[in-house]
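Structure first, commentary second.
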2 protein chains.
Amino acid sequence: MGILVDMKLVRIYQCLCDRTRLRILNLLMHGPLCVCHIQEILREPQVKVSKHLRYLRARGLVEVGKSGHWRIYHLPARRSSELDANLRCLQDCALEDAEFRADVAKLGKLRNKIKDGAPLCPPRSFLTRNPALCGC
Amino acid sequence: MGILVDMKLVRIYQCLCDRTRLRILNLLMHGPLCVCHIQEILREPQVKVSKHLRYLRARGLVEVGKSGHWRIYHLPARRSSELDANLRCLQDCALEDAEFRADVAKLGKLRNKIKDGAPLCPPRSFLTRNPALCGC
DNA sequence: GACCAATATACCCATTGAGGAATATACAAC
DNA sequence: GTTGTATATTCCTCAATGGGTATATTGGTC
């Protein structure tokens, strides 16, 4: 868990100081995603992704919705000014990093495949019920 | 030390995820400072300040100049776009934190005392020779 | 019920990092 | 040289973190 006595800002930076977590946040800035899509794009083992998501969630940088098997992670709708400022800063910085750009490109391809009828996860029913959460 | 295989951005966030280091950077954004002034403002033990400065220096977030006993720390003049963006973001966020504001206020008082003739460290000779580094 | 897929958790190990106490270094004044 | 001041480093302990393997949980389908 962690003691979480630090101030908001420190907790935010703690979340940002791992490469995998940055990649995850970079993806989520383009919309909600289920764990399996994050895994697929990052090409990282399931445990690793899951644990980083847990870390981010414990510190309020992401939130989850569930639909059957699937957990849909998304950035919180209401954010502290600190979090908002840092996410925007990260978004700018991400433009200069090749891996971040590649991740976003993969995300785009994934969405196109889905539009073309590829098997979908989570099920379309959930996404139409929760359009705000639909990133696919 | 550290292996430093991480990307620039991660290294920056690693520096930012400690409260003491944030306080130091917040001060240095207002101009160069010698270690003893940082100590005095933060009211933290010398070892602690010194080690955090070393950490920051090893990762390129601060640089040092020396003058006799004194080491004058300052932000690097030339910064990567990532560092620059994050320092500006930090500056914005710092406005909302009471301790950060208090630190800056103490810094102001310290400078006033110096103007009024209080004992100066580092010596004025160094500062006039290096006006760009003079924060006092 | 059995079985499978998506995700989370437990446990272990190695590394990092923060903090303190004591000591060392570097430089100035004498 | 000695002494004193400013700063850095070494050694220690402890907590947090990242990654992996194995296992558990949860919610479907049959």
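The sequence lines fix the lettering, A, B, ..., with proteins before strands; numbering per chain opens at 1.
- Between the CZ atom of A:R59 and the P atom of D:dA16 there is a distance of 10 Å, rounded to whole Å.
- Contact annotation: A:Y73 reaches the phosphate of C:dA8 (side-chain N/O to OP1 or OP2, under 4.0 Å).
- B:L42 has its CG atom 12 Å from the P atom of C:dG19, to the nearest Å.
- Rounded to an integer number of Å, the gap from B:L53 CG to D:dA8 C1' is 11 Å.
- Salt bridge annotation for A:D92-A:R88: absent, with no cationic side-chain nitrogen under 4.0 angstrom from a carboxylate oxygen.
- Rounded to whole Å, the distance from CZ on B:R11 to C1' on C:dT16 is 16 Å.
- Although no hydrogens or angles enter the test, the distance criterion places no donor-acceptor pair under 3.5 Å between the side chain of A:D84 and the main chain of A:S80.
- The closest side-chain heavy-atom distance from B:L90 to B:L25 is below 4.5 Å.
- Among B:N86, B:L22, B:L61, the single residue meeting the side chain to side chain contact (heavy atoms under 4.5 Å, CB included) criterion with B:C15 is B:L61.
- At whole-Å resolution of the value, CD in B:E40 and P in D:dA6 are 11 Å apart.
- We find that CG of A:L33 is positioned 15 Å from P of C:dA6, with the value rounded to whole Å.
- Considering only side-chain atoms of A:C34, the nucleotide from C:dT7, D:dG19, D:dT17 that sits closest is C:dT7.
- Contact annotation: A:Y55 side-chain N/O to D:dG19 OP1/OP2 distance is not under 4.0 Å.
- Between A:H52 and the phosphate of D:dT17, there is no side-chain N or O to OP1/OP2 separation shorter than 4.0 Å.
- Between B:R54 and C:dG19, a side-chain N or O to OP1/OP2 separation shorter than 4.0 Å is absent.
- Atom CG of A:D18 is separated from atom P of C:dG17 by 12 Å (rounded to the nearest Å).
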For this session: Any chance you could list the contact pattern along nucleotides 23-30 of chain D? Use B for base contacts, S for sugar-phosphate-only contacts and - for none, protein heavy atoms under 4.0 Å, 5' to 3'.
Result: ----BS--

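- B:Q39 places its CD atom 14 Å from the C1' atom of C:dG20, with the value rounded to the nearest Å.
- Using a 4.5 Å cut-off on side-chain heavy atoms (C-beta onward), B:L28 and B:H74 make no contact.
- Summary of the strand contacts: B:R57 and A:V47 both lie near DNA chain D, and taking for each the nucleotide with the nearest heavy atom, the more 5' one is attributed to B:R57.
- With respect to B:E96 and B:R101, no salt bridge is recorded, no charged nitrogen being found less than 4.0 Å from a carboxylate O.
- Here the closest non-hydrogen pair linking A:P76 and A:E63 is CB-OE2, 3.3 Å.
- When the side-chain nitrogen and oxygen atoms of A:R19 are compared with OP1 and OP2 of D:dT17, none of them lie within a distance under 4.0 Å.
- The base of C:dG17 lies outside donor-acceptor range of the side chain of B:K51, with no N or O pair under 3.5 Å.
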